[in-house]
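Note sheet for the following structure.
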Amino acid sequence: MVVFEKPKSLTQKEFHYCPGCTHGIIHRLVAEAIDTLGIEGSAIGVAPVGCAVMAYDYFTCDMVEAAHGRAPAVATGIKRSLPECVVFTYQGDGDLASIGMAETVHAATRNENITVIFVNNAIYGMTGGQMAPTSLPGQVTQTSPYGRDVKTAGYPVKVAELLSALDGPSYIARVAVNNVKHVLEAKKVIQKAFENQIRGKGFSLVEVVSACPTNWGMTPQKALDWVEEKMIPYYPLGVFRDKTAEEVQA
Amino acid sequence: MGNKVLMKGNEAIAEAAIRAGCRHYFGYPITPQTEVAAYMAKRMPKIGGVFLQAESEIAAINMVYGVAGTGRRVMTSSSSPGVSLKQEGISYIAGSDLPCLIVDVQRGGPGLGGIQPSQSDYFQATKGGGHGDYHLIVLAPSSVQEMADLTALAFELAEKYRMPAMLLADGTIGQMMEPVELAEPQEPKFEEKPWAVTGTKCKREHHIVNSLYLAPDELEKKNFERYERYHTIEQTEARYESFMMDDAEYCVVAFGIAARVSKNAVVAARKKGIKVGLIRPITLWPFPKAALEKAAAQVKGFLSVELSMGQMIEDVRLATHDARKVELCCRTGGMIMSPDEVLAAIEKLTGGEK
Amino acid sequence: MTTQILIAGFGGQGILFAGKFLANKGLMEGRQLSWLPSYGPEMRGGTANCSVVLSDEPVGSPIVNNPDVLIAMNLPSLDKYEDAVVPGGTIFVDSTLIERKVGRTDVKVFYVPATKLAQQNELGNLANMVMVGKVIRECAPVAQEGLEDAVRSVVSAKHANMFDINLKAIQIGLELN
């Protein structure tokens with residue numbers, strides 16, 4: 001018999017996320033990694049500003065709510081103060097790749113020993129569907145009503161590729177959660193991003209390509225298809241940097 | 001006399017912070033406070049502390065927020081334009097009821113301004129430079145000795161009241177050297193705070209460090225609680241120095257370097273037979289209202305001496321209920337008044353009266 | 001007694017160091033004192049100045065607007081500060097670098113060929129300390145006893161070889177008629 005249980009590292013509080021939103025899946029994957037690694041008592045999470053702002057209510061570990069974009073800096077402070085703790089941030093695309101780009105790049109280049117979960121759904125969800133730094137060319141949003149025009153709004157930021165150009169970071173990967181196969185793959189990658197920290201390997205970032213049916217104006221199923229057909233071709237999945245693998249080879 | 005050493009004001013801040021058990025410093029270079037960062041960069045690695053040159057002042061204050069959340073002593077330092085950048089983080093730290101120390105070695109503004117000494121961040125420091133209902137404890141050193149002493153006091157008060165404290169210095173006090181007697185070094189105290197995030201060890205409910213309250217009644221309650229604490233602080237923590245006030249008929253009010261210059265002027269005025277004294281606020285928030293109110297019953301007028309276009313003067317007026325005339329003697333943009341200028345302003349205030 | 005000293009010249013002439021020496025000497029004598037440098041980009045190759053106040057009472061303003069003693073190490077400094085010196089004060093002029101004479105008649109003036117003396121005695125650019133020696137001789141803002149200890153306190157252990165030549169430079173100034 002298969003018993004469906006909530007991971008221990010999630011509180012009993014019901015998620016506030018919209019139907020079909022993939023934050024719930026990603027929260028669960030993070031919690032499962034914490035459970036599997038037995039780090040619930042030493043984990044400290046940093047919540048972003050964005051849809052996941054109240055992540056602090058959902059994880060049973062100690063949590064800090066950061067200002068918009070500043071989670072990697074806050075996590076840096078926590079980790080430097082408590083190196084024995086496992087510190088992670090959970091951030092959206094506006095938070096991490098727009099307002100917080102400096103904090104992201106510099107935490108990565110310092111190879112700060114933290115884990116970053118980066119949820120890329122190509123839109124600002126909390127404020128009601130504005131253009132994100134990762135919105136696709138031509139994507140219609142509240143602030144790109146005629147479709148993202150790359151001539152005036154520029155191109156989407158490919159975070160995993162961008163950070164992989166740095167010498168600092170230890171582990172950079174991109175996963176998706178639009179089907180079972182991808183979710184299982186994402187689970188492994190997220191767990192590895194935590195393991196790296198426990199082993200002192202440094203900065204690990206997992207970009208999770210996600211869906212936002214509400215603000216994309218789609219049914220949940222349609223949104224998952226859109227991830228497959230539009231998002232993944234622009235944001236290819238894979239491991240972009242893995243210093244631990246390089247070590248094994250060497 | 002104890003064991004005095006000659007130190008720059010900025011170095012005295014850094015050494016005093018280390019001696020007070022601070023082992024975490026985050027900063028970004030900016031004149032005229034860079035010596036604080038340089039001193040920390042040299043010393044922290046040798047004593048098992050953390051020095052980190054952040055990518056920006058914004059990142060630095062958020063690193064401070066992170067450490068403060070774990071319940072340990074932490075500080076950052078900057079100068080005026082850099083402190084403007086930190087305001088968002090300061091508001092979050094205040095809103096999350098966390099202690100920390102922020103040092104502002106002021107320079108002229110607005111904008112990029114200049115690099116010479118100024119006191120024009122008074123409003124920003126004392127009225128809440130970031131958004132929302134909050135205050136900082138603001139201490140204003142006027143000597144290198146006070147740079148050291150008030151740094152230690154700032155940590156203590158910040159922790160006592162769970163709020164950020166600011167040392168509001170200026171380029172002169174930061175750059176000058178004077179003999180200073182340093183406190184005995186304290187080992188860092190790492191006792192577990194009942195609110196800090198340190199990992200639950202699976203033995204307690206999780207702690208949340210947060211300033212978000214979407215229910216307005218909850219946020220209002222939080223702010224009311226905070227202001228009750230502020231009220232206690234206003235009643236008990238105001239500090240000031242009184243100089244030649246016993247028989248004074250006029251009162252100069254000045255802090256920091258302006259108070260040093262004013263002292264010379266007060267002494268010169270006394271030599272001319274003018275009965276003038278000086279009240280030097282040491283805490284700018286809480287402002288020593290009671291002392292000023294008492295002085296208002298004694299003197300005929302006040303002179304606010306400031307390196308700004310006149311900011312503290314508003315608090316002098318409020319504290320004295322405008323019961324006496326309050327005049328301004330000011331220089332700005334990095335200029336400093338001479339004792340003669342202050343003396344002339346005293347003479348104007350007294351109308352040649354002796 | 002309070003002595004307000006202003007030392008001014010080019011960056012690189014050891015203006016701040018000369019002030020630091022006097023401040024350290026004052027500290028050793030248990031005096032009240034302050035040392036305040038000019039700071040900022042003008043320090044690199046531009047003009048530098050340094051205010052030193054030595055007193056038997058707590059020092060009020062550390063900014064020397066009207067010096068009792070002015071040490072002028074270049075012409076722009078003499079031009080700028082000559083009029084600020086208090087009546088009855090003293091001006092020390094590095095006469096190797098400044099050709100003109102002081103115009104004021106209500107101050108004492110010493111013309112010291114400090115830069116030339118430093119070069120002749122192979123003291124590098126220690127004209128500043130020659131001037132300091134002369135100031136101590138004429139105005140005694142600090143005592144002549146214990147100069148060695150004061151030099152030791154400002155010469156870092158890394159540059160211990162600087163001890164002898166600094167002391168020698170001061171001695172030259174002290175013995176100068």
Side-chain angles (χ1 to χ4, degrees), chain A residues 8-11 13 16 34-35 38-49 53-87 89 99-110 112 114, chain B residues 23-26 28 44 49-74 76 86-93 95-96 98 100 130-131 188 190 192 195-214:
Chain A
K8 279 200 313 242
S9 296
L10 286 181
T11 62
K13 190 154 180 127
H16 69 281
I34 292 171
D35 284 1
I39 52 171
E40 186 198 334
S42 63
I44 300 176
V46 184
V49 170
V53 66
M54 282 180 297
Y56 53 74
D57 279 336
Y58 304 135
F59 292 102
T60 57
C61 61
D62 279 352
M63 294 292 293
V64 176
E65 163 51 35
H68 200 24
R70 316 299 172 219
V74 175
T76 296
I78 298 169
K79 187 70 185 182
R80 298 288 181 122
S81 175
L82 301 170
E84 68 280 11
C85 286
V86 179
V87 182
T89 72
I99 197 168
M101 187 53 108
E103 285 77 7
T104 305
V105 168
H106 285 274
T109 205
R110 285 194 304 268
E112 204 68 48
I114 59 173
Chain B
R23 289 293 180 274
H24 293 86
Y25 172 91
F26 304 91
Y28 188 87
M44 281 300 197
V50 172
F51 164 82
L52 200 162
Q53 181 169 323
E55 57 269 31
S56 66
E57 281 94 349
I58 298 168
I61 192 69
N62 282 284
M63 291 169 185
V64 167
Y65 174 54
V67 175
T70 70
R72 295 187 173 180
R73 281 199 172 170
V74 57
T76 183
K86 289 182 194 292
Q87 291 303 329
E88 177 200 41
I90 294 171
S91 169
Y92 275 68
I93 295 169
S96 303
L98 298 177
C100 71
H131 59 282
F190 285 160
E192 183 100 8
W195 42 264
V197 292
T198 52
T200 63
K201 320 227 167 22
C202 301
K203 282 181 181 152
R204 58 163 169 79
E205 284 293 297
H206 67 165
H207 290 162
I208 299 170
V209 169
N210 183 28
S211 59
L212 178 68
Y213 297 90
L214 288 176

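In the text below, chain A, chain B and the rest are named by the order of the sequence lines, each starting its count at 1.
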Residue selection (most heavy-atom pairs with chain B, distance under 4.5 Å) from A:Thr76, A:Val87, A:Leu82: A:Leu82
Contact leader toward chain B among A:Cys61, A:Ala102, A:Cys85, A:Ser42, where contacts are heavy-atom pairs under 4.5 Å: A:Cys61
Measure the spacing between [atom1] of [X] and [atom2] of [Y] and express it to the nearest 0.5 Å.
X	Y	atom1	atom2	value
B:Phe26	A:Arg80	CZ	CZ	7.0 Å
A:His106	B:Ser56	NE2	OG	8.0 Å
B:Ile208	A:Asp57	CD1	CG	5.0 Å

Interchain contact, B:Ala60 with chain A, by part (heavy-atom threshold 4.5 Å): neither
Sort out for me which of [options] touches chain A most, counting heavy-atom pairs under 4.5 Å.
options	value
B:Leu212, B:Val74, B:Val64	B:Leu212
B:Glu55, B:Glu205, B:Glu88, B:Lys201	B:Glu55
B:Ile61, B:Leu214, B:Thr198	B:Thr198
B:His24, B:Arg23, B:Met63	B:Met63

Sub-4.5 Å side-chain heavy-atom contact between B:Leu52 and A:Arg110: yes
Pairwise side-chain contact, B:Arg204 with A:Asp62, heavy-atom cut-off 4.5 Å (strictly under): yes
What's the shortest heavy-atom distance between [X] and [Y], and which atoms?
X	Y	result
B:Thr70	A:Ser81	OG1-OG, 2.7 Å
A:Phe59	B:His206	O-ND1, 2.7 Å
B:Thr200	A:Glu40	OG1-O, 3.7 Å

Residues forming a ring-ring contact (aromatic ring centres under 6.0 Å, His included) with B:Tyr25, sequence neighbours excluded: B:Phe51
Which residues share a salt bridge (Lys or Arg N to Asp or Glu O under 4.0 Å) with B:Arg72, sequence neighbours left out: none
